[in-house]
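The next block holds one structure in the form of structure tokens; read it before the comments.
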2 protein chains.
Amino acid sequence: MDTLSVELGERGYPIHIGRGLLRQPELLGERATGRRVVVVSNETVAPLYLQTLQDTLSAAGAGSVDALVLPDGERYKTLETLERIYTGLLQRRLDRGDLLVALGGGVIGDLTGFAAATYQRGIDFIQVPTTLLAQVDSSVGGKTGVNHPLGKNMIGAFHQPRMVLVDTDTLNTLPDRELSAGLAEVIKYGLIDDAEFFAWLEAHLPALRAREPEALAHAIRRSCADKAHVVAQDERESGRRALLNLGHTFGHAIETGMGYGQWLHGEAVAAGTVMAADLSLRLGWLEAGEQERIVRLLQAAGLPVEPPPGLGPERFREIMAVDKKVQRGRLRLVLLQGIGRAVVTAEFDPKALDETLDALTRP
Amino acid sequence: MDTLSVELGERGYPIHIGRGLLRQPELLGERATGRRVVVVSNETVAPLYLQTLQDTLSAAGAGSVDALVLPDGERYKTLETLERIYTGLLQRRLDRGDLLVALGGGVIGDLTGFAAATYQRGIDFIQVPTTLLAQVDSSVGGKTGVNHPLGKNMIGAFHQPRMVLVDTDTLNTLPDRELSAGLAEVIKYGLIDDAEFFAWLEAHLPALRAREPEALAHAIRRSCADKAHVVAQDERESGRRALLNLGHTFGHAIETGMGYGQWLHGEAVAAGTVMAADLSLRLGWLEAGEQERIVRLLQAAGLPVEPPPGLGPERFREIMAVDKKVQRGRLRLVLLQGIGRAVVTAEFDPKALDETLDALTRP
């Protein structure tokens with residue numbers, strides 16, 4: 001087992017990464033002993049891991065262990081589902097001293113985290129991510145929330161978990177498509193400021209897609225370490241943390257425009273990353289050879305490298321106008337000045353953005 | 001004009017109290033200049049003050065000024081109304097650098113504050129309270145949220161406003177019943193730790209109910225100063241701040257049990273305060289003469305001093321079991337060891353609570 005830590009003073013917490021951690025009561029015991037615990041999961045993950053986790057929590061000395069099982073999918077990351085969670089917690093009379101545990105992918109983590117942020121104005125929660133995407137990205141850093149029909153992740157809060165428990169064995173049951181989606185976020189860390197990791201990924205993508213445990217463990221550790229470092233520097237995204245949104249402004253527009261759940265988040269981020277790279281190339285910030293390496297690596301990961309048909313330039317502009325990185329009406333984007341050199345900037349020629357949208361999108 | 005301040009470091013803010021402040025662009029200008037502003041109000045308050053406030057914000061140099069007008073009443077303090085606010089903000093493409101202003105009573109302040117806490121994970125907001133209750137209590141301290149059918153204020157967040165602007169002229173249009181409801185919270189401050197203020201209130205209640213400006217201004221200043229002091233010591237209610245919930249556990253049970261909006265919040269708090277005093281008397285912590293002074297003062301303020309019929313002891317116990325002050329399954333209450341000496345404690349004889357419920361409630 002490896003343990004990383006997110007250094008945020010009294011809000012800091014450990015990220016435990018290893019095989020079989022779901023069965024180790026001593027890790028969860030630190031937070032669960034003597035408290036009532038409600039595990040929030042979904043209909044896909046619950047049949048696989050819920051009983052194991054509940055047994056471990058009981059063995060860890062939890063006062064009681066209960067579960068809420070939600071439908072699976074991004075389309076359920078809504079205020080309506082959130083209300084269902086609140087009702088379940090109130091019916092079980094959960095109080096401020098109790099604990100929530102999110103068992104599932106990014107949707108379950110975001111929903112559970114936001115419920116924890118706002119139930120009785122805030123209670124503790126633990127992330128137990130079971131998808132690669134959640135393990136390398138969404139479970140770390142305290143971003144929680146739900147979607148609105150007019151924009152993805154538009155409603156939410158910063159609320160840090162008390163622990164992240166990554167049991168890499170859970171990846172054994174992950175569908176290939178979800179594994180690929182997670183790789184989009186892994187590749188992102190390489191692009192932002194870790195060119196060495198990007199090169200490692202170019203060499204090890206076949207091993208990752210073949211789920212070789214050593215390769216996966218390395219990719220997860222490195223991604224979590226990169227993320228923990230950025231979050232510690234800039235918890236509430238007033239600066240550097242915005243870099244982690246590489247590919248996400250375009251990607252969110254794809255998810256919002258197509259209707260949540262048509263593409264996986266990681267798939268939309270992959271196409272969005274290609275769009276950001278294309279724009280960077282047009283601005284003369286990125287070399288053609290670098291742009292090609294990016295497209296090649298995403299393709300090798302089994303990811304889409306262009307946006308879906310049906311979303312034209314106008315629709316993209318309309319949706320991106322309500323992105324959270326818009327400041328005082330001005331769109332900021334994460335762009336690339338090279339592999340491993342991302343920047344957040346509003347200082348780009350809007351004509352180049354128009355060209356990217358005209359070239360890559362299809363109405 | 002008086003200016004108090006809530007000392008919370010970078011989250012600190014001023015409370016401006018005085019006549020005609022709604023018409024003074026220099027106060028709002030500090031936060032509104034150059035930003036898009038959305039004022040959230042209700043159908044009762046908007047016809048009276050919205051145009052004035054919008055003109056002042058424009059004169060203060062706001063980039064744009066827009067308004068969302070909601071239905072009036074506690075029954076609308078829900079997730080559904082919140083969703084309506086989010087939709088309005090997204091349609092207007094408000095971004096993280098923009099500003100919300102709450103113009104109204106406690107319901108509008110709580111709703112707007114929670115929308116500000118969670119829209120794009122948090123934007124700035126200003127409180128412009130127009131009821132006595134909101135001016136002396138709910139607009140200060142950053143508690144925001146909505147009700148759930150199973151419990152009052154069960155969903156929410158701590159999110160401090162950037163400014164509280166109390167224009168005491170707005171009390172001229174306040175119905176008598178609402179003025180009385182506000183006095184319940186004013187009296188609360190005297191009971192908690194300000195026996196001198198309690199005695200002043202006994203002498204000046206007729207002046208307050210006659211809306212003499214000097215008396216009202218003094219009561220508002222003293223209440224805000226008491227509250228600002230407690231909030232600065234304990235922003236997130238890990239200790240002393242819980243004292244401010246005197247009368248509220250019983251009061252919330254009345255509001256939840258009757259259905260939100262039957263009684264005003266201040267009315268429920270008044271009856272709840274009598275219940276807390278009765279229990280304190282039964283425990284031998286309060287003298288009979290003090291209990292009588294409390295009942296007399298609340299009656300003089302035009303407030304109910306017993307809970308409504310239709311809510312028996314069993315229903316009270318059931319609702320109070322999900323109170324936010326329950327810790328690890330144990331109910332804590334704010335009780336009195338004298339006028340001006342409140343304590344938060346779970347250390348009381350539960351039989352005395354049963355006696356209070358049996359004696360004062362009616363199924």
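Proteins get letters first, then strands, A, B, ... in listed order; numbering begins at 1 in each. Everything numeric in this text was worked out from a predicted model, so none of it was measured. Excluded from the calculations below are hydrogen atoms, water molecules and symmetry mates; all remaining heavy atoms, backbone and side chain alike, are included.
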| said: Is B/Thr144 close to chain A through its backbone or its side chain, or both, or neither, when contacts mean heavy atoms under 4.5 Å? | reply: backbone
| Which members of residues 231-244 of chain B, sorted by number, sit under 4.5 angstrom from chain A on a heavy-atom basis? | B/Arg236, B/Glu237
| request: Under 4.5 Å, counting heavy-atom pairs only, tell me which of B/Glu318, B/Gln91, B/His159 racks up the most with chain A. | output: B/Glu318
| query | Based on non-hydrogen pairs under 4.5 Å, which of B/Met154, B/Arg96, B/Lys324 is most in contact with chain A? | reply | B/Lys324
| said: Are there residues of residues 111-122 of chain A whose heavy atoms fall under 4.5 Å of chain B's heavy atoms? If so, which? | reply: A/Phe114, A/Ala117, A/Thr118, A/Tyr119, A/Gln120, A/Arg121
If we define contacts as heavy-atom pairs under 4.5 Å, which of [options] has the most with chain B?
| options | result |
| --- | --- |
| A/Ala321, A/Ala157, A/Gly63, A/Gly156 | A/Gly156 |
| A/Asp323, A/Leu150, A/Leu82, A/Leu89 | A/Leu150 |
| A/Leu79, A/Val322, A/Ile155, A/Asp98 | A/Ile155 |

| field | Under 4.5 Å from a heavy atom of chain B, the part of A/Arg93 involved | value | both
